[in-house]
Amino acid sequence: MLDPKLLRADPRAVAENLARRGFVFDVAIYAELEAERKAVQSAAESLQAQRNTLSKRIGEARQQGEDAAELMAQVSDLGDQLKSRQVALGLIRQKLDAWLIGMPNLLDPEVPDGKDAKDNLELRRWGEPADFDFEPLDHMQLGERWGLIDTEQAAAMSGARFSVLQGELALLHRALTQFMLDIHTRGHGYQECYVPYLVNAASLEGTGQLPKFREDLFALDGEEHFLIPTAEVPLTNLLRDTILEASDLPWKKVAHTPCFRAEAGSYGMDTRGLIRQHQFEKVELVLAVRPEESEAALEELTLHVEVVLKELGLPYRVISLCGGDIGFAAARTYDLEVWLPSQKTYREISSCSNFRDFQARRVKARFRPGPEEAPQLLHTLNGSGLAVGRTLVAVLENHQCEDGSVRIPECLEPWMGGVTRLGAAE
RNA sequence: GGAGAGGUGGCUGAGCGGCUGAAAGCGCUCCCCUGCUAAGGGAGUAUGGGCUAAUACCCCAUCGAGGGUUCGAAUCCCUCCCUCUCCGCCA
């Protein structure tokens with residue numbers, strides 16, 4: 001949520017900023033609503049103040065055995081007026097809240113201009129895509145050849161966009177998550193968390209998935225619960241209604257969870273393979289920092305994620321999302337894209353964002369800068385470190401050999417039970 | 001799922017229609033005293049909103065959440081949520 005005070009103080013600047021995302025903010029209508037709110041609110045509050053003092057006087061009069069009938073009549077009259085003002089205020093508040101909750105975050109000045117993915121800005125590349133002297137297979141061809149990946153059985157029990165992994169492929173999948181968790185906990189200082197996979201609507205509002213993106217979610221129980229689309233939701237909600245001490249910062253959490261996405265509106269896209277599934281595993285990093293540190297924290301977070309790709313020997317690039325492509329709640333986002341030989345292109349494998357105080361305001365996540373000082377909103381950030389399914393795809397495709405086997409990166413050795421090569425047996 | 005008890009400030013815990021934004025204790029901050037330690041004395045210590053140059057006043061709201069009764073609700077009534085105890089069920 002944006003700062004309502006900023007919206008009042010400088011609505012034009014807000015409108016200009018949001019226009020870079022292609023979002024239209026009607027300043028005039030907002031100003032009108034806001035003026036109405038102000039008038040009705042101060043009227044209601046001064047009536048309340050009057051009522052409070054008169055009621056207090058009734059109590060005092062009673063105690064001294066005086067007759068309070070006249071005072072009571074007065075207050076009763078006030079009460080009716082007050083009621084109508086409060087109803088009016090409630091309605092205006094509702095309208096303003098609905099408006100506010102539907103407004104995306106302000107963009108950082110560094111966010112590149114542009115209207116879609118074509119306008120994203122490449123920041124850097126790492127690694128050299130392998131120069132195969134044979135025609136590289138895609139991950140499905142590799143997996144199916146070994147009989148270790150099966151989308152037909154998954155389709156039979158669940159439908160499209162699900163998959164079954166077996167044997168050494170399932171092992172590799174598990175090894176990847178363990179490897180990622182260990183890097184971030186032992187290497188980067190994140191605390192591991194186990195969290196609920198079912199959350200309520202308020203939690204999803206806190207991170208920005210609701211109310212606007214309901215169609216991307218799987219709902220249960222008549223929409224009382226939703227399957228999490230990312231661990232960002234439960235992790236960020238750990239901060240709900242809390243005031244951290246300065247000594248608790250930076251606050252760094254990591255969780256490995258399944259993620260569930262309806263993928264509405266993506267029909268026809270990536271229908272083959274594991275790239276776009278309704279259910280996938282992800283290791284997610286979430287951090288909360290002091291406002292003045294969030295910019296640096298985004299750089300650091302991105303580096304933490306890059307370590308995983310480097311260790312796995314996967315060529316990637318980092319891009320800065322443009323105004324038209326960046327997510328609703330983010331002020332700035334770096335996507336990490338991994339090289340996929342079968343597609344001869346880079347594909348998203350992680351997204352690292354600075355939300356500034358946008359989510360913090362929604363979940364009321366604050367910290368106390370110093371003793372005796374007033375609480376202040378935190379800045380939240382998160383990044384995938386990484387999407388496990390897509391990492392599996394990237395490992396298979398980038399480390400394949402001419403005989404159709406796949407070399408397992410050395411860093412996974414502790415979890416692979418001696419398996420150093422997939423599909424080498426035949 | 002059944003029966004009962006309960007949800008009050010950072011914590012413990014009083015209050016059960018007006019004098020209570022909330023006793024008392026603990027904790028924390030500052031000051032005083034004490035040669036050190038221990039003890040002691042005093043002051044302060046919620047959050048959000050409005051107004052504002054102001055993190056100064058003042059005003060409004062908040063005692064799990066939402067409704068209701070009343071001139072007035074932490075206190076009475078209704079609904080919901082959560083916690084605890086016992087029973088049942090269960091990985």
Side-chain angles (χ1 to χ4, degrees), chain A residues 1-10 30-31 33-97 99-101 194 196-206 220-226 234 237-249 251 258 290-292 357-378:
Chain A
M1 204 161 72
L2 297 179
D3 183 357
K5 285 183 182 159
L6 176 67
L7 229 43
R8 272 171 233 156
D10 200 353
Y30 181 82
L33 256 178
E34 186 45 42
E36 200 182 338
R37 186 224 100 233
K38 193 167 168 169
V40 176
Q41 182 169 339
S42 36
E45 285 190 358
S46 75
L47 280 173
Q48 274 173 340
Q50 284 179 56
R51 186 201 60 188
N52 288 348
T53 52
L54 284 176
S55 287
K56 203 163 256 182
R57 233 179 273 161
I58 290 173
E60 289 163 6
R62 281 247 173 118
Q63 233 150 35
Q64 287 162 24
E66 291 166 21
D67 178 37
E70 199 178 313
L71 279 172
M72 283 173 67
Q74 255 182 65
V75 185
S76 174
D77 204 43
L78 269 179
D80 295 340
Q81 291 181 53
L82 182 58
K83 191 124 234 170
S84 72
R85 296 286 156 80
Q86 279 174 334
V87 170
L89 182 60
L91 286 174
I92 297 170
R93 275 256 159 81
Q94 251 173 33
K95 271 194 221 171
L96 278 170
D97 287 350
W99 193 317
L100 258 175
I101 204 93
Y194 171 77
Y197 302 157
L198 258 45
V199 295
N200 58 29
S203 299
L204 287 153
E205 242 178 51
L220 285 81
D221 280 353
E223 311 216 340
E224 272 170 41
H225 288 104
F226 297 83
N237 274 279
L238 289 174
L239 292 166
R240 181 174 289 273
D241 290 322
T242 56
I243 301 175
L244 296 181
E245 294 304 322
S247 58
D248 298 329
L249 301 176
W251 185 93
R290 310 173 79 108
E292 63 272 22
D357 61 12
F358 189 86
Q359 294 180 326
R361 186 171 289 106
R362 289 185 174 209
V363 302
K364 297 195 183 72
R366 291 156 297 171
F367 75 105
R368 200 177 297 280
E372 308 288 306
E373 283 188 66
Q376 205 180 326
L377 288 172
L378 288 159

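By convention in this document, chain letters (A, B, ...) are assigned in the order of the sequence lines, proteins followed by strands, and residues within each chain are numbered from 1.
On the P atoms, C36(B) is 30 Å away from U45(B), given to the nearest whole Å. The gap from the C1' atom of U75(B) to that of A23(B) amounts to 15 Å, rounded to the nearest Å. Taking the C1' atom of each, U47(B) and G10(B) are spaced 13 Å apart, rounded to whole Å. Distance check on atom C1': U8(B) versus G21(B) gives 11 Å, rounded to whole Å. If you take atom P in U29(B) and the same atom in A38(B), they sit 14 Å apart, rounded to whole Å. Taking atom P on both nucleotides, A24(B) is separated from U79(B) by 37 Å, rounded to a whole Å. Comparing the P positions of A74(B) and G67(B) gives an interatomic distance of 15 Å, to the nearest angstrom. For the P atoms, the distance from C81(B) to C26(B) is 40 Å, rounded to whole Å.
Put simply, NZ on Lys56(A) is 9 Å from C1' on G18(B), counting in whole angstrom units. When the C1' atom of U69(B) is taken as reference, atom NZ of Lys83(A) falls 10 Å away, rounded to whole Å. For Met72(A) and U70(B), the CE to C1' distance is 9 Å, given to the nearest whole Å.
Looking at RNA chain B, the stems built from 3 or more consecutive Watson-Crick or G-U wobble pairs, each pair with its key distances under 3.5 Å, are B:1-7 with B:81-87, B:10-12 with B:24-26, B:27-32 with B:40-45, B:46-50 with B:58-62, B:64-68 with B:76-80.
Between the side chains of Ser203(A) and Asn200(A), at least one donor N or O sits under 3.5 Å from an acceptor N or O.
Considering CG of Leu2(A) and CG of Asp357(A), their distance stands at 8.5 Å, rounded to 0.5 Å.
Glu70(A) CD: 12 or fewer foreign heavy atoms inside a 6.0 Å radius.
When the nearest nucleotides of RNA chain B are assigned to Arg62(A) and Gly79(A) by heavy-atom distance, the more 5′-ward of the two goes with Arg62(A).
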- Reading nucleotides 44-63 of chain B 5' to 3', which nucleotides get B (base under 4.0 Å from a protein heavy atom), which S (sugar-phosphate only), which -? ---SSBSS-------SSS--
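Between Gln74(A) and Gln50(A), every side-chain heavy-atom pair lies at or beyond the 4.5 Å cut-off. At a threshold of 4.5 Å between non-hydrogen side-chain atoms, the residues Gln359(A) and Leu378(A) do not count as touching.
No salt bridge links Asp97(A) with Arg93(A); every basic N to acidic carboxylate O contact stays at or beyond 4.0 Å.
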